[in-house]
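Just below is one structure, and these are the notes that go with it.
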Amino acid sequence: MTYGGGDAAREPQLDSQNTLKPRISTTTNQFGHAVSRISVTQILEATGFEHSYRRPIDALADVLLRYISHVGKLSVSYANMSGRIQCNVFDVILALEEIASVHGFAGQSDPNHSLSSSGVVLDLWRVVGKEREVPFAGSIARFPVTRSRQVETSQDTENEVEWGHIPDWLPSFPDPSTYTNNSVSNESSVPRKQMERPHFSFRKFFSVNGSDGLAPSGNTNVERENEMVQRNPYLVPPLPHRERQVSDMTIPSERKAVSVFETFAPVIEASGGEIVEERGVISSKRPAVRFRIGVGTKSMSKMLSLRDTGMKEDLWTVKEEEMDSKKRRAEMILKESMEKPNELAQL
Amino acid sequence: MMSGSGNSSGAASTAGADGRHDDDAALTEFLSSLMDYTPTIPDELVEHYLGRSGFNCPDLRLTRLVAVAAQKFISDIASDALQHSKARVAAPIKDNKSKQPKDKRLVLTMEDLSKALREYGVNLKHPEYFADSPLTGTDPPTREE
């Protein structure tokens, strides 16, 4: 039987972006489709066709595969309806009857007809008994063929211990010499370039800090600590008591009079010493607050009572424009601290 | 596999029982004869596609039964398409002055196949031409419209 070319319009070779899909879409179906195409060609030849185009054969091959799948699906559904998971010969006969009901078969109108002598079965018997047997051309193996997994036999996994609890499909462990403290094995297995690049050797660091069970080093704890001190100052162990002399802290009591001028001596010097020195004792009495608006300074929301402190009022107005803003601020802070000893923390 | 009778109504007459026995015997004989017959469709292909549908049966006779049924189905379609093709060949030629006689080769075309499949409930539509632009196939005057 000759296998002619395509029809008037060639079968379009479509891209994946196009909506139309090619007839043989997936690789898993290609083999089955090819085998069914051979069977269909043989059946057509036995029927009487001498020639055919490519597309009708592809269509018939597709129809054949769909038919087989449909019979299987129907048989399974009949078996499930009867409460079984394995199909019976009667499930298959019922499925064949359902498919043939479209075209009609002998005995279809009788609802009580026997399945064993159903018209479908009789037709099949006729095919087996009378028609010329046309076996499949060639032989095919059972498919799909499961590819045996190739175990990696790289050099890294040659000496690997087989763990019973670790599945084989996981990647192999790294070379033990990369994480052990054995210097001999390091130089031999690991390339020197990779080890010499980082300035800080993590391997040594972790081995010093205690890699349990992996580093059979002979270092004692003292030596390890000394090494740690040399490398990382943050990991230095705390000093024991009285090893280093530290000056005692003097905590001033709250009742003592705080010399504000001593505290803000540098501030006073920066302001030029224009502030008149006053008594060091801070009065507990709250002064009256007087506001002066429209002076032009940055913050004049609070005015101190100059009368209590004894300072001259003219000091603010006269020398305001001449003084720097820093000096003004320093003066303000000073006065606030004098008036309100409780708010020293804020300053 | 041959558990019970296949009679859906379950008639319990003695004559029916004998009949059933005969039917079962016939079915058994048919299934055994399947093993001697090699269908055109290979068993491996049928097993694979049945397995994909959930058909789980270790019995090879059922697989052969489905293979024979599929072969009969395709052969029926092919014979119907052959009838259509013969009818086309035997149709009277309009132009009696044609130089060449009508081609008497039996070629399976998409047209015959689609006609044959339509009776079995399979709709097979074959595009007449490959359109690469929206105006393909239209007449020149209609294009302007």
Side-chain angles (χ1 to χ4, degrees), chain A residues 4 7 9-10 12 32 35-36 39-40 42-44 46-53 55-57 59-60 63-65 67-69 71-73 75-76 85-90 92-93 96 102-103 111-112 114-117 121 123-125 127-129 133-136 140-144, chain B residues 1-3 5-9 11 19-20 23-24 26-27 30-31 33-34 37-38 40-42 44-50 52-57 62 65-66 68-75 77-79 82 105-110 113 117 119-122 124 126-130:
Chain A
D7 274 345
R10 278 198 65 189
V35 171
S36 70
S39 311
V40 160
Q42 284 184 275
I43 294 169
L44 287 173
T47 308
F49 277 104
E50 296 165 355
H51 313 282
S52 169
Y53 289 104
R55 199 172 303 188
I57 291 181
L60 262 183
V63 167
L64 171 64
L65 295 179
Y67 180 85
I68 295 171
S69 307
V71 169
K73 208 187 299 181
S75 316
V76 168
I85 56 172
Q86 231 182 35
C87 288
N88 214 347
V89 64
F90 300 109
V92 177
I93 293 171
L96 291 174
V102 173
H103 212 253
N112 300 328
S114 162
L115 281 181
S116 306
S117 60
V121 177
D123 288 341
L124 293 179
W125 206 345
V127 168
V128 171
E133 182 177 334
V134 181
F136 181 71
I140 58 171
R142 283 184 70 90
F143 72 101
Chain B
M1 203 50 59
M2 298 290 296
S3 59
S5 80
N7 200 341
S8 56
S9 66
R20 253 181 282 143
D23 290 340
D24 292 345
L27 189 59
F30 167 61
L31 288 174
S33 69
L34 272 179
Y37 180 84
T38 309
T40 312
I41 303 166
E44 292 83 3
L45 179 77
V46 177
E47 269 183 32
H48 174 62
Y49 280 93
L50 283 178
R52 276 176 62 155
S53 311
F55 190 93
N56 177 28
C57 185
L62 283 187
L65 180 65
V66 175
V68 169
Q71 180 183 341
K72 180 183 174 301
F73 181 72
I74 297 294
S75 66
I77 295 171
S79 62
L82 189 67
R105 290 193 310 167
L106 293 169
V107 185
L108 175 65
T109 58
M110 283 294 284
L113 185 63
L117 281 173
E119 297 176 17
Y120 287 88
V122 180
L124 183 68
H126 171 57
E128 295 173 14
Y129 46 82
F130 177 61

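Proteins come first, then strands; the chains are lettered A, B, ... in the order of their sequence lines, and each starts at number 1.
Separation of atoms OH (A:Tyr53) and CG (B:Leu113) is listed at 13.5 Å; rounding is to 0.5 Å. Annotation: the span from B:Leu82 atom CG to A:Glu50 atom CD amounts to 9.5 Å, rounded to 0.5 Å. Note: B:Leu106 CG to A:His51 NE2 = 8.0 Å, rounded to the nearest 0.5 Å. A distance of 5.0 Å separates OG in A:Ser75 from CZ in B:Phe55, rounded to the nearest 0.5 Å. From B:Ile41, atom CD1 reaches atom OG of A:Ser39 across 6.0 Å, with rounding to the nearest 0.5 Å. The CG atom of B:Leu27 sits 9.0 Å away from atom CG of A:Leu115, with the distance rounded to the nearest 0.5 Å.
Not counting sequence neighbours, the partners of B:Val122 by the side-chain contact (heavy atoms from CB on, under 4.5 Å) test are A:Val63, B:Leu117. Checked against side-chain contact (heavy atoms from CB on, under 4.5 Å), B:Ser79 has the following partners two or more places apart in sequence or in another chain: A:Thr47.
Contact record, B:Asp23 with A:Ser114: OD2-OG, 3.1 Å, taken as the closest heavy-atom pair. Among all heavy-atom pairs drawn from A:Leu124 and B:Val68, the shortest one is CD2-CG1, 3.8 Å. The minimum heavy-atom distance linking B:Met110 with A:Arg55 is given by the pair SD-C, 3.8 Å. A pairwise comparison of heavy atoms in B:Pro42 and A:Val35 identifies CG-CG1, 3.7 Å as the closest pair. Between B:Leu45 and A:Gly32, the closest heavy-atom pair is CD1-O, 3.5 Å. The two residues B:Tyr49 and A:Ser69 make their nearest non-hydrogen contact at CD2-OG, 4.0 Å.
Between chain A and the options B:Glu119, B:Lys72, B:Glu47, B:Gln71, the largest number of non-hydrogen pairs under 4.5 Å is found for B:Lys72. Interface check for chain B: of the options A:Val92, A:Leu65, A:Val121, the most heavy-atom pairs under 4.5 Å are formed by A:Leu65. Chain A forms more heavy-atom pairs under 4.5 Å with one residue of B:Ala69, B:Gly121, B:Ser33 than with any other, namely B:Ala69. Considering only heavy-atom pairs separated by less than 4.5 Å from chain B, the leading option among A:Val40, A:Val102, A:Leu64 is A:Leu64. In terms of heavy-atom pairs under 4.5 angstrom with chain B, the leader among A:Leu60, A:Ile93, A:Ile85 is A:Leu60.
Between A:Trp125 and B:Phe30, the ring-plane angle classifies as tilted under the 30° and 60° cut-offs.
For B:Phe73, the part lying near chain A is the side chain, with the backbone staying farther off; criterion is any non-hydrogen pair under 4.5 Å. Only the side chain of A:Leu96 comes within contact range of chain B, with heavy atoms under 4.5 Å apart. Using a 4.5 Å cut-off between heavy atoms, B:Leu50 contacts chain A through both its backbone and its side chain.
Between A:Val76 and B:Ser53, the closest side-chain pair of non-hydrogen atoms is not below 4.5 Å.
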